[in-house]
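Reading through the structure tokens given below for one structure.
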Amino acid sequence: MTKPSCHLSDNFFKYITFLTFGLTLYFVFIIFFNRDLADYDLWGYLSFGRIFWEEGFFPYRDAFAYTPTKPVWIYHEWLTGVVFFGLIKYLGPASLQFLRYMLAILTVFLIYETALKKGADSLYTLMILLISVVIISFGYVPPVRAQIFTFFFFSFTLYILESSKKTGNRTMLIWLPLIQIFWCNFHGGFIAGLGLIFLYALGESISHKRIACAYLQWGAIASLATLINPYGIQYWLYTLYAVALPRPEITEWYSVVKALKSNIHILPVSLFLIMSVNFVLLYLFRKKKDITELLVIAVVIYLGMSHIRHGVFFGLVLGSYMPLYLTECVHQWNVQRESSKIQAVILTVFFCCVLIFYLHSAKEIHVSPTFKFTVTADYYPTKAIAWIKNHNVKGNILPHFEWGEYLMWSCYPDCRVAMDGRYENVYPDHVHQEYFDFLYGRDQWRVFLKKYPHDIVLLKAGTRTALLMKQETDWRVVYGDQTSVVFMKTNHKNKML
């Protein structure tokens, strides 16, 4: 007579557990992915897309700079720009946020499905997924960047590789080159997908698995598929250059050690380190070791240590692999199933609540996603640009680095820029090296100022270079506010001034 009652109790527990995790996951997603402040890079995408859609040609040469540029502008995010501008032009800004949310949801769903495909318990999968979502959310902090395509395609590739490995179905691998055709044109992160394929080929080869040959063959075909792009083989030459390029001025390219020393990005770095240790320990507790998984784990931890922006790849792999390890450990330790599940729910929800309120104690917590974009005067030089337009000022603008692409979008073709966030794509090495010397007020800061035909300098107020500029007799302040300051040459010919 007690069996129906037990069965009812089990179902009730199951429903309550999944409801709890579902609601927690929803609010974690809303809080960590709900961003409306427009990212600086967005304006570069839109500027490219505007030329493509409205001027009717593919810009193989840069159209926005007046300083020296490379012979060919290899824009590895060109398709992102075309899609983004097309969405804004015909469907409005909300369509970009909708695309971002949909890709993020699909990415999380693929992580979940990959973990289940590997044989993980659904509850432990949800438990780890909550932590994984927090880690990968760092890659979604700037709304609508081209990286959202890389995260989706990476999780899709991982799902295909794991599915084929689990079932032995090699026909699924035909998706790999199809993915690469789109991926390489949306974002240069496609190389991570190729790396993942060849890691699986290497791992399965070491394990003497027959599927290793299929991985290698389709990996080669996928590599050739990346040549289907507007630049041909030059795209690969640029990609190899970009992978090795140091970016010491951009904080998301800091290593974990440098980030800790600089006291920045503490949350993603700390969470990465904690979960890396747990990830490795759970792998070591396994009775059956998988060489392929060990290779992938080692590589994503190395990437995350080298550049904190690559911690997102670690989060994607963590959510896909770790649930199975946790499932196996619980079963090995013979922990009572229901008791362990209740503890898992309590601990995970508590973890999420503490993290959420720690990060957002002073912020308004929303219960639904936003579909707008904002451009605030404390983040963008909106007032300075309004002043420039109101006074009909035209010419060459030397901007603060992050504002370059916004100026391309706002002031082209009346004004051109000296440097912007596309610097590795467009400008020769010596140009952006000279520029960063200027931007940070280093010993040779005047070289860039005197070498090129600048008419206007637009800098963040209170910076070292802004203070140095005020001492230059050839330049004068014509506008200033709390965010920005505008300098103009004393002999600049503008009737309105």
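We're numbering straight along the sequence, starting at 1.
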With a 4.5 Å cut-off on side-chain heavy atoms, are D481 and S484 touching?
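Yes, close enough: below the 4.5 Å cut-off.
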Validation row: W236, I191 side chains within 4.5 angstrom (heavy atoms):
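They are in contact (side-chain heavy atoms under 4.5 Å apart), so the answer is yes.
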Check the orientation of [X] and [Y]. Use parallel for under 30°, tilted for 30 to 60°, and perpendicular for over 60°.
| X | Y | result |
| --- | --- | --- |
| W73 | Y75 | tilted |
| F279 | F314 | perpendicular |
| F438 | Y435 | tilted |

Can Y235 and W78 be said to form a ring pair (Phe, Tyr, Trp, His ring centres under 6.0 Å), step by step?
CA-CA 12 Å; Y235 188 17; W78 75 270; 9.6 Å; no
From [atom1] ([X]) to [atom2] ([Y]), nearest 0.5 Å:
| X | Y | atom1 | atom2 | value |
| --- | --- | --- | --- | --- |
| W43 | R422 | CH2 | CZ | 15.5 Å |
| Y124 | L129 | OH | CG | 16.0 Å |
| D420 | E402 | CG | CD | 11.5 Å |

With sequence neighbours excluded, residues passing side-chain hydrogen bond (donor to acceptor under 3.5 Å, both in side chains) with [X]:
| X | value |
| --- | --- |
| Y321 | Y200 |
| D378 | T376 |
| Q180 | none |

Would you say the side-chain atoms of Y231 and N185 include a donor-acceptor pair closer than 3.5 Å?
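No - no donor-acceptor pair under 3.5 Å links their side chains.
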Strictly by salt bridge (Lys or Arg N to Asp or Glu O under 4.0 Å), give each pair with a member in residues 95-115 just once, sequence neighbours left out.
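As it turns out, there is no salt bridge (Lys or Arg N to Asp or Glu O under 4.0 Å) pair with a partner in residues 95-115 once direct neighbours are skipped.
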I want to know whether [X] and [Y] have ring centres closer than 6.0 Å.
| X | Y | result |
| --- | --- | --- |
| H454 | F448 | yes |
| H265 | F138 | yes |
| Y423 | Y427 | no |
| F149 | F182 | no |

Quick one: do F436 and F401 satisfy ring pair (Phe, Tyr, Trp, His ring centres under 6.0 Å)? Show the steps, please.
CA-CA 9 Å; F436 283 116; F401 179 67; 5.2 Å; yes
Carboxylate-amine/guanidinium contact R145 E77, below 4.0 Å:
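Judged by the 4.0 Å cut-off on N to carboxylate O distance, R145 and E77 do not form a salt bridge.
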As a test of understanding, state which of Y302, Y254, W253 forms a ring pair (Phe, Tyr, Trp, His ring centres under 6.0 Å) with H310.
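Exactly one option meets the ring pair (Phe, Tyr, Trp, His ring centres under 6.0 Å) with H310, and it is W253.
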Side chain to side chain contact (heavy atoms under 4.5 Å, CB included) for L449 and D474? Distances and angles first, verdict last.
CA-CA 11 Å; L449 182 65; D474 293 340; over 6 Å; no
Output a table of donor-acceptor pairs, distance under 3.5 Å, between side-chain atoms of residues 407-419 and any protein atom two or more places apart or on a different chain; print 'none' if there are none.
| unit_1 | atom_1 | unit_2 | atom_2 | d |
| --- | --- | --- | --- | --- |
| S410 | OG | Y406 | O | 2.8 |
| R416 | NE | A63 | O | 3.2 |
| R416 | NH1 | P413 | O | 3.4 |

List, one per line, each side-chain donor-acceptor pair under 3.5 Å for residues 150-159, sequence neighbours excluded.
| unit_1 | atom_1 | unit_2 | atom_2 | d |
| --- | --- | --- | --- | --- |
| T150 | OG1 | W183 | NE1 | 2.9 |
| T150 | OG1 | H187 | ND1 | 2.6 |
| S155 | OG | F151 | O | 3.2 |
| S155 | OG | F152 | O | 2.8 |
| T157 | OG1 | F153 | O | 2.8 |

Taking CD in Q444 as the centre, count heavy atoms belonging to other residues, nucleotides or ligands within less than 6.0 Å. Is the count above 12?
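Counting other residues, nucleotides and ligands, CD of Q444 stays at 12 neighbours or fewer.
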Report the C-alpha separation of Y45 and E405 in whole Å, then their side-chain angles, then the decisive distance to 0.1 Å, and conclude whether the side chain to side chain contact (heavy atoms under 4.5 Å, CB included) test is met.
CA-CA 9 Å; Y45 306 143; E405 289 171 288; 5.9 Å; no
